[in-house]
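Have a look at the structure below before the remarks.
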Number of protein chains: 2
Amino acid sequence: MEKDITIYDIARELDLSPTTISRALNDHPAVNQKTKQRISEAAAQMGYRSNLFASNLRKQRTNTIGLIVPRLDSPFHSSAIAGMEKIANEEGYNLIISQSLETVQKEIANAKTMFDSRVDGLLVSLSFETENLDHFERFISKGIPVIFYDRVAEHKDCTSIVIDNLQAAYKATSHLIEQGCSNIVHITGNLKRNVYADRLKGYKYALIDHNLPFTECNVLTGQMTEEAGRQAAEQILAMDPLPDGIFVSNDTCAVSCLKTLKQAGISIPRDMAIIGFNNDLTSRVVEPNLTTINYPGQEMGEVALKVLLMQINGSTEGIPSNTINLRSDLIIRESSLRGKVLAKKKPLLL
Amino acid sequence: MEKDITIYDIARELDLSPTTISRALNDHPAVNQKTKQRISEAAAQMGYRSNLFASNLRKQRTNTIGLIVPRLDSPFHSSAIAGMEKIANEEGYNLIISQSLETVQKEIANAKTMFDSRVDGLLVSLSFETENLDHFERFISKGIPVIFYDRVAEHKDCTSIVIDNLQAAYKATSHLIEQGCSNIVHITGNLKRNVYADRLKGYKYALIDHNLPFTECNVLTGQMTEEAGRQAAEQILAMDPLPDGIFVSNDTCAVSCLKTLKQAGISIPRDMAIIGFNNDLTSRVVEPNLTTINYPGQEMGEVALKVLLMQINGSTEGIPSNTINLRSDLIIRESSLRGKVLAKKKPLLL
DNA sequence: TAAAAGTATGCAATCGGTTTCAGTTGTTAA
DNA sequence: TTAACAACTGAAACCGATTGCATACTTTTA
């Protein structure tokens, strides 16, 4: 438990003032090159480390970025966080992370903690329950930039980073239709969240554009968990007539739904074609492999952090618009390929 | 960009001293109950928030815990982190997270950042490359507790939190032997890391105890990634004779190995039985479902944080020992069940 | 050669809570 | 009635780095 070395200790040692020490360590131009050299050597030798709290207190900034996610243990968020950490680390920022566990109360509490920790900026992916953005107002009114990613909401002072969910869902649904599906069910999450609302729209528009009817009862909303996938499958099995296509808003749910349907004797994709969303590892593991939308988690995290840093450092010019769209694409695999898979399978069966 | 309210503002407003304000807000006993009431009302009304930096500077502690993990985007670490965040949040601590990406340099750099951020304690799961613990010495010599979890190393002043990898591997291997396997391959990671070294031991001892030969060439070490699983499968396919059992040190790798073997026409578990490690979601999705070791990620995170807090708060009595072992168990599924699966399958084929 | 400009350094105030020590008031015991 | 004590409250130092302003010394310019 040795005592910490401060700039005062170094000052005493070298018979200089703390001012000069501070300047030298920050590479201030008004300090003689040789003096700087002497100081940094002494600092290293004495084992000096800067006290960030004193520094932050004085400078009124913290080099810390706050992050609020619904769940830490989700493949998408893990990779987004990995991307954020990468950039933050490169730029000398710390990340403080907390999870809302899909509840508003925790999201509000976390926002408060972040505020009290005086983060320089905040990244948020909203919980299922969140209805309004009041708990972020205090950041905005203090000029602390807030960026939403993935699960976003409209706010005139905040940038959002998303993929084009509507278009992705439109593509997915159209693909099902092209594969011969005409009675397509959509399984999705809480429609308060843009991601699910937009995917529903994309699904709906694709149906309409292909002259297929849209009915409310073909839309099942739930928690998008493994369990929800099972339940959705039960609901589907109870439908009459049975649908011939399913578009699910995430892979976890799609995979468990697919498994349940298979167990019930449904042949995928012959009886029903399925498409998921996210391109999680499981989509490549399940049999048949799941057609899905590739979702750039890591990239989204990196972009979110980069844009946030630009805003923190006041260079607003570089930001193209209030919403940043990232590319996503449909990855076609067996679970939706009716023609081809049948062609492939037949020779095997003979 | 409104100005922040400080205790001085409140003091002026209520005609009291900053001292009393500070005490009242910290619920110090030497402040009159009514005064406290008045102060906390005024504070709330004026929108006061404490400046953590001033407070930390004075109190010389930060209520912040550092975490260094190899990768953020791994199912195990995500759930461990989720557990840590839960406890940290409950106890009013912040978590600063960084990833080493399996390299020593980054691990050292991250440790330095954590040190400069003056974390009150540090949680670490070591990178593949780490050979020594020198970069953690400065924490220890300053009395900052360091706890290793999962990927641990021996250090007389640090607690480690692990599962009994040797025993788990022993169980897994014994199970394969009981299912009739006699030529078992083990796929594992860098043997510098306890988790892999211990699993190798468990595998070896199980063989020996069942009078089966242990040979180096049946042990394949690699990066334990999806890609590594494919490569391992190729190696296995080139073996002569082919093994009849495979014990893999993680599920990601086991699943991709299993898929590759299946594609090559190997029947699982009839030709080869496979066991993984971790109980990731994919182990329940792959066909046949993967027998695996259930790994308590969330719980390990919670325990790690709780023990760390105990050490930070100086109550060393509660800590049973230098190493804390958590329970893990073998989850038997189809990929290793030779007798039963065959029995099930036959009627289907007839 | 004096004035102006440039270079290098230091003084002292500041950021906003926390804490030590001392002081005031009121109460109780002797 | 006075000493002893409890219950509050406050003044001022402190944590350690940063920074506006002043100062001392050099060098250049007129």
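Numbers restart at 1 for each chain; the letters A, B, ... are given by sequence-line order, proteins then strands.
An OP1 or OP2 oxygen of dG17(C) is reached within less than 4.0 angstrom by a side-chain nitrogen or oxygen of Tyr48(B). Residue Asn32(A) has a polar side-chain atom (N or O) positioned under 4.0 Å from OP1 or OP2 of dA8(C). An OP1 or OP2 oxygen of dA17(D) is reached within less than 4.0 angstrom by no side-chain nitrogen or oxygen of Ser22(A). Remark: Gln60(A) is not in phosphate contact with dT14(C), judged by side-chain N or O atoms under 4.0 Å from OP1 or OP2. Between Thr35(A) and the phosphate of dA8(C), there is no side-chain N or O to OP1/OP2 separation shorter than 4.0 Å. One finds no side-chain N or O of Thr6(B) lying less than 4.0 angstrom from the OP1 or OP2 phosphate oxygen of dC15(C). The phosphate of dT9(D) has neither OP1 nor OP2 within less than 4.0 Å of any side-chain N or O from Thr19(B). Contact between the side-chain N/O atoms of Thr20(A) and the OP1/OP2 oxygens of dG10(C) is found at a separation under 4.0 Å.
Between Lys36(A) atom NZ and dA8(C) atom P there is a gap of 9 Å when expressed in whole angstrom units. The separation between Leu25(B) atom CG and dG17(C) atom C1' is 10 Å, rounded to whole Å. Regarding Ile10(A), its CD1 atom lies at a distance of 14 Å from the P atom of dG10(C), rounded to whole Å. Here dC11(C) presents its P atom at 12 Å from CD1 of Ile21(A), a figure rounded to the nearest Å. Between the CZ atom of Phe53(B) and the C1' atom of dC15(C) there is a distance of 12 Å, rounded to whole Å. Counting to the nearest Å, the P atom of dG16(D) and the CG atom of Asp9(A) are 8 Å from each other. Note: CD1 (Ile39(B)) to P (dT9(D)) measures 8 Å, nearest angstrom. Between the CG atom of Asn51(B) and the P atom of dT18(C) there is a distance of 10 Å, rounded to whole Å.
Here Leu16(B) lies in heavy-atom contact (under 4.0 Å) with sugar-phosphate atoms only. Using a 4.0 Å heavy-atom criterion, one finds that Asn26(A) contacts the sugar-phosphate atoms exclusively.
The nearest heavy atom of DNA chain D to Arg23(B) and to Tyr8(B) marks one nucleotide each, and the one closer to the 5' end goes with Arg23(B).
Side-chain polar atoms of Thr62(A) and Asp120(A) form a donor-acceptor pair below 3.5 angstrom. No side-chain donor-acceptor contact under 3.5 Å links Thr19(A) and Ser22(A).
Among dG17(C), dG16(C), dA17(D), the nucleotide with an atom closest to any side-chain atom of Leu57(A) is dG16(C). Considering only side-chain atoms of Arg58(A), the nucleotide from dT14(C), dC8(D), dT9(C) that sits closest is dT14(C). Across dG16(D), dG17(C), dT9(C), the shortest atom-to-atom separation from the side chain of Ala30(A) is found for dT9(C). Distances from the side chain of Lys59(A) to the nucleotides dG10(C), dG16(C), dT18(D) place dT18(D) closest.
Remark: the Arg49(B) side chain and the dG16(C) base include no donor-acceptor N/O pair separated by less than 3.5 Å.
A cation-pi geometry, defined here as NZ or CZ lying under 6.0 Å from the six-membered ring centre and within 45° of its normal, does not hold between Arg118(A) and Phe53(B). Figure legend: cation-pi geometry between Arg151(B) and Phe128(B), with NZ or CZ positioned under 6.0 Å from the six-membered ring centre and within 45° of its axis.
At least one donor-acceptor pair closer than 3.5 Å links the side chain of Glu85(A) to the backbone N or O of Gln99(B). Checking side-chain atoms of Glu107(A) against main-chain N and O of Ser127(A) turns up a donor-acceptor pair under 3.5 Å.
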